Amino acid sequence: QVQLVESGGGLVQPGGSLRLSCAASGIRFMSAMDWYRQAPGKQRELVGGITTGGTTNYADSVKGRFTISRDNAKNTMYLQMNSLKPEDTGVYFCHKIIGDYWGQGTQVTVSS
């Protein structure tokens, strides 16, 4: 059974940083993955993704501030978030594209 577990969320001041992790279990290999987020009262939106080979893409709103990486040996994906803004607040989800698996999400709150 495939399971995705996010961690690393929390409360941070504007301009601060957080690193989210997404640990995958129940699979032999973690293929292409995405990060999504959902702000209160808004639709879930794509933050960015990473291919099997490590190629990344990002939403314009986070480009230059967020970095997605992966450790295939640990079946773990990361989201390094720098220069955080209040509008980055939301629940962050990891998503495995093949099979359409989702984690339970981790809350990120950017506030002074």
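Counting begins at 1 with the first residue of the sequence. Source: prediction; values computed, not measured.
For Asp60, the side-chain hydrogen bond (donor to acceptor under 3.5 Å, both in side chains) criterion is met by Lys63, not counting sequence neighbours. Under the side-chain hydrogen bond (donor to acceptor under 3.5 Å, both in side chains) criterion, Asn72 pairs with Arg70, not counting sequence neighbours. Every residue meeting the side-chain hydrogen bond (donor to acceptor under 3.5 Å, both in side chains) condition with Asp88, not counting sequence neighbours, appears here in chain and number order: Arg37, Arg65. When the side-chain hydrogen bond (donor to acceptor under 3.5 Å, both in side chains) test is applied to Thr109, the partners found at least two apart in sequence or on another chain are Gln107.
In this structure a side-chain-to-backbone donor-acceptor pair under 3.5 Å is present from Tyr58 to Ile68. In terms of modelled atom types and a separation under 3.5 Å, the side chain of Glu6 and the main chain of Cys94 share a donor-acceptor contact. Between the side chain of Ser112 and the backbone N or O of Gln13, no donor-acceptor pair lies under 3.5 Å.
Ring centroids of Trp102 and Tyr36 are separated by less than 6.0 Å, placing the two rings close together.
Hydrophobic clustering of Ile, Leu, Val, Met, Phe, Trp and Tyr side chains at less than 4.5 Å, counting indirect connections, unites Val62 with Met81. By the criterion of side-chain heavy atoms lying less than 4.5 angstrom apart, applied directly or through intervening Ile, Leu, Val, Met, Phe, Trp or Tyr residues, Trp35 is grouped together with Ile27 in one hydrophobic cluster. Under the 4.5 Å side-chain heavy-atom criterion for ILVMFWY residues, a single connected hydrophobic cluster contains both Ile50 and Val47. Leu79 and Val12 fall within a single hydrophobic cluster, where Ile, Leu, Val, Met, Phe, Trp and Tyr are joined by side-chain heavy atoms under 4.5 Å apart, directly or via other members. In the hydrophobic clustering of ILVMFWY residues, with side-chain heavy atoms under 4.5 Å counting as a link, Met33 and Val108 come out together.
Annotation for Phe93 and Gly103: closest pair CD2-O, 3.6 Å, computed over non-hydrogen atoms. Contact detail for Asp34 and Gly49: the closest heavy-atom pair is OD1-CA, 3.5 Å. Residues Leu4 and Cys22 share a closest heavy-atom pair of CB-SG, 4.2 Å. Across every non-hydrogen atom of Leu84 and Leu18, the tightest pair is CD1-N, 3.8 Å. The two residues Ser111 and Pro14 come nearest to each other via the heavy atoms C-CD, 3.6 Å.
In this structure, NE2 in His95 is found 9.5 Å from CG in Leu46, a value given to the nearest 0.5 Å. To the nearest 0.5 Å, atom OG of residue Ser17 and atom CZ of residue Phe66 are 9.5 Å apart. Going from atom CD1 of Ile97 over to atom OG of Ser31 covers 7.5 Å, rounded to the nearest 0.5 Å. To the nearest 0.5 angstrom, Asp71 atom CG is 12.5 Å from Met77 atom CE.
With side-chain heavy atoms closer than 4.5 Å counting as contact, directly or through intermediates, Val5 stands alone and belongs to no larger hydrophobic cluster. Cluster note: Leu11 groups with no other residue, as no ILVMFWY side-chain heavy atom lies under 4.5 Å from it.
Summarising the local packing, CD of Gln43 is surrounded by 12 or fewer heavy atoms from other residues, nucleotides or ligands at distances under 6.0 Å.
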